[in-house]
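What follows is a short report on a single structure.
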Amino acid sequence: MKQTQWRIQAKKADFESIGAEFGISPVTARLIRNRNVIGRESINRYLNGKIDALYDPMLLPDMKKALLLLRQKIEEGKTIRIVGDYDIDGICSTYLLYRALCRVGARVDYEIPDRIKDGYGINTSIIQAAAEDGIDTILTCDNGISAIDQAKLAADLGITMIITDHHDIRQDESGNDLLPAALAIVNPKRRDSIYPYPEICGGMVAYKLVKGLYQLFSVPETEWEDLIEFAALATVGDVMKLQDENRIVVKEGLKHIARTQNIGLRKLMEKNNLNPARITAYHIGFVIGPCLNASGRLETAKLALSLLLSEDEGEADELAGKLKELNDIRKEMTVKNVELAADIVEREYADDWVLVVFLPECHESLAGIVAGRLRERFYKPALVLTQGEESVKGSGRSIESYHMFEALVEAQDLLLKFGGHPMAAGLSLVKENIEAFRRRLNEAAHKKLTPEDFIEKIWIDVPLPLEYITEPLIKEVSLLEPFGQGNEKPQFAQRNLFIRSVRVAGKNRNVVMLSLVTESGFMMEARWFGEGDKFMEEMGSCRHIDVIYYPEINEYNGRRTMQIILREYRFSA
């Protein structure tokens with residue numbers, strides 16, 4: 001099982017001065033610094049940034065070229081086909097571009113690859129189908145940057161190709177980008193890009209293109225602003241870091257979701273018993289996003305896109321119910337495969353630094369989820385391979401110290417196809433290469449990493465005694481929301497708390513309720529959400545505990561009390 005190490009953030013700044021300038025406590029100033037927000041301008045942007053603080057779309061490479069091409073095609077009445085991807089980022093990207101192109105009068109349709117039949121990204125059959133359908137222009141979103149052969153085929157067939165993507169770009173031996181032969185390639189990861197913040201998702205790239213398109217066709221900017229909720233869904237769903245403009249988009253997007261006019265999104269929240277006014281990034285990442293993704297995993301992503309495009313209450317209600325049902329099935333399948341994969345790791349690969357697990361019976365759409373759970377359980381890079389129709393396919397999820405895309409580049413002679421970024425990747429290979437692939441990755445990891453890299457660091461923002469927790473502080477800390485990847489929920493800590501009482505609650509015995517007392521005699525209620533019986537077994541006769549926690553207000557039966565939610569714990573004698 002994984003090892004953990006508790007560490008205290010030690011980043012320096014004049015917290016008193018920052019607090020005085022921005023009207024916040026030194027504790028909150030320290031939290032902001034711990035999230036690598038440095039300098040007055042950046043702090044102001046972090047605390048107060050609005051939609052007008054987003055970067056100019058024209059800073060993206062080839063954006064002007066893409067927009068002028070699209071305007072020409074629209075004015076000439078040419079047919080445009082959007083080719084998206086089957087995950088939430090691709091679905092939202094396709095939605096944004098389709099809505100916008102329809103708005104400005106384009107002759108447009110869309111295609112989303114089938115995960116099983118087509119695999120990731122645009123392929124030759126999609127290009128050929130477009131040619132047969134008389135399509136003049138293909139516009140990709142959230143894919144296309146690695147479509148070298150496909151772009152050449154499109155050109156040979158007389159199809160104009162415009163690529164919008166955000167994935168990492170392969171380079172040649174001289175370090176130059178290997179780019180498809182498209183007429184415009186809008187990707188913030190290009191070496192020649194001057195875009196200030198390249199870590200945006202495909203939905204954000206599409207959202208920026210929509211702004212430029214609306215400006216060209218004199219569409220009121222408020223209509224572009226109203227689409228921000230879909231850029232927010234894509235950003236959280238694709239696990240982008242909630243920093244810089246990503247944070248602004250999600251913060252503002254959540255406000256729009258609270259009053260969304262999109263029937264499908266409203267119905268999906270309704271089916272999952274979510275209150276739109278209280279939606280957080282957590283709900284996008286763990287409820288809404290998985291429902292949208294489930295369609296592409298188990299059937300077709302066009303179901304999710306149809307839901308978002310629906311303007312009929314009955315149809316939207318039916319589609320939302322279908323997506324929730326698919327997600328429930330997906331969750332059951334995931335649990336089964338995670339346990340199977342974990343058992344294989346413990347029996348056969350316990351000493352491997354990079355986990356490569358072949359689950360031939362696993363639905364290939366679940367490989368990435370299972371890989372993510374293995375990474376969490378063992379804190380090692382994990383790749384889960386499944387048996388596809390023509391080859392073995394797989395998805396990987398990584399840890400901070402392991403650049404998964406670069407690792408695959410070094411093993412590309414064993415692969416048929418691959419793509420991705422530092423923390424996640426997709427690939428295909430022949431079955432006979434699985435063992436060689438596993439060995440190659442592990443041999444390379446031993447040359448670049450150390451055992452220390454596989455000890456998960458749990459970072460504590462501030463060692464804060466429970467006596468210091470107040471309602472105003474809890475309210476102020478909420479200014480840091482939305483929380484998520486790259487803008488994690490703050491973590492405070494205190495040692496040597498006496499456990500005055502403890503009991504397990506919840507229908508599934510998954511809530512531990514504690515009364516904790518400090519050395520000075522201050523008492524506070526605490527909650528741990530997890531396996532209650534396992535907690536009690538670990539506790540045994542111990543009566544003291546060290547905790548990493550997050551404070552919150554508990555409102556129940558008209559009473560407001562402060563409590564802490566335990567994030568990590570260690571028992572002491």
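Predicted model, so just to flag it, every value in this text is computed and none were measured.
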Begin with the C-alpha distance, continue with both residues' side-chain angles, and end with the deciding distance and a verdict on salt bridge (charged side-chain N to carboxylate O under 4.0 Å, His left out) for Glu245 and Lys208. CA-CA 12 Å; Glu245 70 172 348; Lys208 295 305 179 86; 3.0 Å; yes
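- Cys291 and Asn272 make their closest contact through SG-ND2, 3.6 Å (heavy atoms, listed as atom of the first residue, atom of the second, distance).
- Side-chain contact check for Leu408 versus Leu383: some heavy-atom pair is nearer than 4.5 Å.
- Ion pairing between Glu299 and Lys322 holds under the 4.0 Å rule for side-chain N and carboxylate O.
- Looking at Asn187 and His166, their side chains never bring a donor and an acceptor atom within 3.5 Å of each other.
- For Gly90 against Asp142, the heavy-atom pair with the smallest separation is N-OD2, 3.3 Å.
- Contact annotation: the side chain of Ile80 approaches that of Ile74 to within less than 4.5 Å [non-hydrogen atoms, C-beta and beyond].
- Here CG of Asn293 is found 12.0 Å from CD1 of Ile288. Values are rounded to the nearest 0.5 Å.
- Looking at Arg33 and Thr28, their side chains never bring a donor and an acceptor atom within 3.5 Å of each other.
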Evaluate Asp244 against Arg45 for salt bridge (charged side-chain N to carboxylate O under 4.0 Å, His left out), listing each step before the verdict. CA-CA 8 Å; Asp244 207 283; Arg45 182 181 178 84; 3.5 Å; yes
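- Each of Ile162, Ile159, Val108, Leu69 was scored for a side chain to side chain contact (heavy atoms under 4.5 Å, CB included) with Thr137, with one residue passing: Ile162.
- Taking 4.0 Å as the cut-off between side-chain N and carboxylate O, Arg115 and Glu364 do not count as a salt-bridged pair.
- In this structure the side chain of Met333 reaches within 4.5 angstrom of the side chain of Ile329, judged on heavy atoms.
- Put simply, the side chain of Ile51 reaches to within 4.5 Å of the side chain of Trp224, judged on heavy atoms.
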Criterion side chain to side chain donor-acceptor pair (under 3.5 Å) on Asp312 and Ser310, from CA distance to verdict: CA-CA 6 Å; Asp312 179 85; Ser310 178; 5.5 Å; no
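- Remark: Lys65 engages Asp62 in a salt bridge, criterion side-chain N to carboxylate O under 4.0 Å.
- Under the 4.0 Å criterion applied to side-chain N and carboxylate O atoms, Asp136 and Lys73 are assigned as salt-bridge partners.
- Atom NZ of Lys417 has more than 12 heavy atoms from other residues, nucleotides or ligands within 6.0 Å.
- Atom NZ of Lys64 has 12 or fewer heavy atoms from other residues, nucleotides or ligands within 6.0 Å.
- The local environment of CD in Glu76 is crowded, with over 12 non-hydrogen atoms from other residues, nucleotides or ligands closer than 6.0 Å.
- Listed for the Arg191 side chain is a donor-acceptor partner under 3.5 Å among the backbone atoms of Gly175.
- Asp87 places none of its side-chain heavy atoms less than 4.5 Å from the side chain of Leu292.
- Distance check: Leu139 CG to Thr160 OG1 gives 11.5 Å after rounding to the nearest 0.5 Å.
- Leu268 contributes atom CG, which lies 8.0 Å from atom CG of Leu274 (distance to the nearest 0.5 angstrom).
- Using a 4.0 Å cut-off between a side-chain N of Lys or Arg and a carboxylate O of Asp or Glu, Lys271 and Asp317 qualify as a salt bridge.
- With hydrogens and angles ignored, the 3.5 Å screen pairs no side-chain donor or acceptor of Ser17 with any backbone N or O of Asp14.
- Here the closest non-hydrogen pair linking Thr94 and Gly84 is OG1-CA, 3.4 Å.
- Of the possible polar contacts, none joining the Asn327 side chain to the Ala294 backbone as a donor-acceptor pair under 3.5 Å is found.
- Gly23 approaches Glu476 most closely through the heavy-atom pair O-OE1, 4.2 Å.
- Within a 6.0 Å radius of CD in Gln171, other residues, nucleotides and ligands contribute more than 12 heavy atoms.
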side-chain contact (heavy atoms from CB on, under 4.5 Å) for Arg35 and Arg247? Distances and angles first, verdict last. CA-CA 12 Å; Arg35 279 137 193 80; Arg247 172 177 155 76; over 6 Å; no
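- Atom CG of Asp238 and atom CG of Asp89 lie 4.0 Å apart (nearest 0.5 Å).
- Using modelled atom types, one side-chain atom of Glu488 and one backbone atom of Gly486 make a donor-acceptor pair closer than 3.5 Å.
- In this structure the side chain of Val384 never reaches within 4.5 angstrom of the side chain of Ser395, judged on heavy atoms.
- Electrostatic pairing of Lys302 and Glu111 counts as a salt bridge here, judged by a charged N lying under 4.0 Å from a carboxylate O.
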Go through it in stages, so that I can follow the logic: the residues are Leu67 and Leu213, the test is side-chain contact (heavy atoms from CB on, under 4.5 Å), and I'd like the CA-CA distance, side-chain angles, deciding distance and then a yes or no. CA-CA 6 Å; Leu67 290 169; Leu213 198 63; 4.1 Å; yes
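- Using bins of under 30°, 30° to 60° and over 60° for the plane-to-plane angle, the ring pair Tyr110/Tyr98 lands in the perpendicular bin.
- The shortest distance between side-chain heavy atoms of Ile200 and Tyr207 does not fall below 4.5 Å.
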Check against side-chain contact (heavy atoms from CB on, under 4.5 Å), Leu473 and Ser25: CA-CA 8 Å; Leu473 177 63; Ser25 70; 4.0 Å; yes
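- Ion pairing between a basic and an acidic side chain is recognised when a charged N comes within 4.0 Å of a carboxylate O; Glu315 and Lys267 show no such pairing.
- A cation-pi arrangement is present between Lys489 and Tyr550 under the rule of less than 6.0 angstrom and at most 45 degrees off the ring axis.
- For the atom pair CD (Gln261) and NE2 (His256), the distance works out to 11.0 Å, reported to the nearest 0.5 Å.
- Of the N and O atoms on the side chains of Asn34 and Asp461, at least one donor lies less than 3.5 Å from an acceptor on the other residue.
- Heavy atoms only, all atoms of each residue included: Pro482 and Lys251 are closest at CD-CB, 3.8 Å.
- Residue Ser295 comes nearest to Ile91 through the heavy atom pair OG-CD1, 4.5 Å, listed as atom of the first residue, atom of the second, then distance.
- Within 6.0 Å of NZ in Lys189 there are more than 12 heavy atoms belonging to other residues, nucleotides or ligands.
- For Arg99, the CZ atom counts as loosely surrounded, since its 6.0 Å shell holds 12 or fewer non-hydrogen atoms of other residues, nucleotides or ligands.
- In this structure, CD1 on Ile88 lies 5.0 Å from SG on Cys92, to the nearest 0.5 angstrom.
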Just do the side-chain contact (heavy atoms from CB on, under 4.5 Å) check on His403 and Asp168 with the steps written out, would you? CA-CA 12 Å; His403 195 300; Asp168 287 358; 4.1 Å; yes
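- Considering only heavy atoms from C-beta on, Lys475 stays 4.5 Å or farther from Ile553 through its side chain.
- Using a 4.0 Å cut-off between charged side-chain N and carboxylate O, Arg190 and Asp192 make a salt bridge.
- Taking the six-membered ring where the residue is Trp, Tyr195 and Tyr55 present perpendicular rings, their angle passing 60° and hence far from 30°.
- There is a side-chain donor-acceptor pair under 3.5 Å between Asn262 and Tyr95.
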